[in-house]
A.B. asks: 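Below are the structure tokens for one structure; questions will follow.
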Amino acid sequence: MVGISHLHPDHVSDLPAFLWLSHEVRKEPLKIFGPTGNDAAPDFATFLNRLFDEKSGAFPVLGSALGDSYGGGGVRPDIGRVVAGGVRLDVGVIDAAKAEPSLVFQREGTTVTAQRIPHGNMPTLAYRVQTGNVSVVFSSDQNGTDPKFVEFAKGANVLIMHLAVAPGTDVPLHATPAIVGRIAQEAGVGQLIVSHFGLFNLDAAVADLRKFYSGPLIVGADMQCTPVQ
Ligand SMILES: [Zn+2]
């Protein structure tokens, strides 16, 4: 499954490229989830329609993602254009206004839950993946002011959190390094991976985080693989 946290461009604009030609390696529908909408963003199903609708979408060549009337790859006779026949999506919209976690996905020993998190006025979800006795929590963008997220991340083997602003920055969208460190410490996670760095002195930010978090810490990088401890 794919879990979308929110509709800020830096979190979702790669989706069409990710799906493009995916039918060549996948035949069954792909479960994909995202948040409900509000004044700041459409709900996730509407967002996908605006992207992939076979007539009015930004990428009609990916209309098959929504199960268009054509379905396969090749030249569509009605529009005279080549379409890729990308994998069909099985879309779920998760209530991003609900205080308690939602069950998103459950299959063969893997459970995924989602929790609303505060990120300005943008409906935003964190995800927790539990598989066997290993759990990984994806914080996404958040300002770290909701104690329910600490509960949600409690005891996770791995917590991945965004480090988007410099120490001492006061913004409604993002948690400072100190808050990221405090959340990881209070949640008692096995290890913290930080990612999503802004343009600031990373060493200084990590030093600030370290004042509040004493556990294992990894500074994330693209394509990095991390053994779960
Ligand atoms: Zn964001």
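Start at 1 with the first residue, then count along the sequence. Start at 1 and go down the list; that is how both ligands and their atoms are numbered. The structure presented is a predicted model; accordingly, all values stated were derived computationally and were not measured.
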A.B. asks: Check whether the ring centres of H11 and H162 lie less than 6.0 Å apart, and answer yes or no.
C.D. replies: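 H11 vs H162: aromatic centres under 6.0 Å.
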A.B. asks: Closest heavy-atom contact between V87 and E28?
C.D. replies: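 Closest heavy-atom pair between V87 and E28: CG2-O, 3.3 Å.
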A.B. asks: About how many Å separate CD of Q142 and CD1 of I183, when rounded to the nearest 0.5 Å?
C.D. replies: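 If I round to the nearest 0.5 Å, the distance is 5.0 Å.
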A.B. asks: Can a donor-acceptor pair be found between the side chains of H8 and H119 at a distance below 3.5 Å?
C.D. replies: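 Side-chain D/A pair, H8 to H119: present.
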A.B. asks: How many protein N, O or S atoms are found at a distance of less than 2.8 Å from the Zn ion (ligand 1)?
C.D. replies: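 Counting protein N, O and S atoms closer than 2.8 Å to the Zn ion (ligand 1) gives 4.
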A.B. asks: Measure the OG-CG distance between S13 and L7 for me, rounded to the nearest 0.5 Å.
C.D. replies: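 That separation rounds to 11.0 Å.
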A.B. asks: Hey, any chance F197 and I160 share a hydrophobic cluster, counting ILVMFWY side chains that come within less than 4.5 Å of each other, even indirectly?
C.D. replies: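 No, because F197 and I160 fall into different hydrophobic clusters, even though each may have its own neighbours under 4.5 Å.
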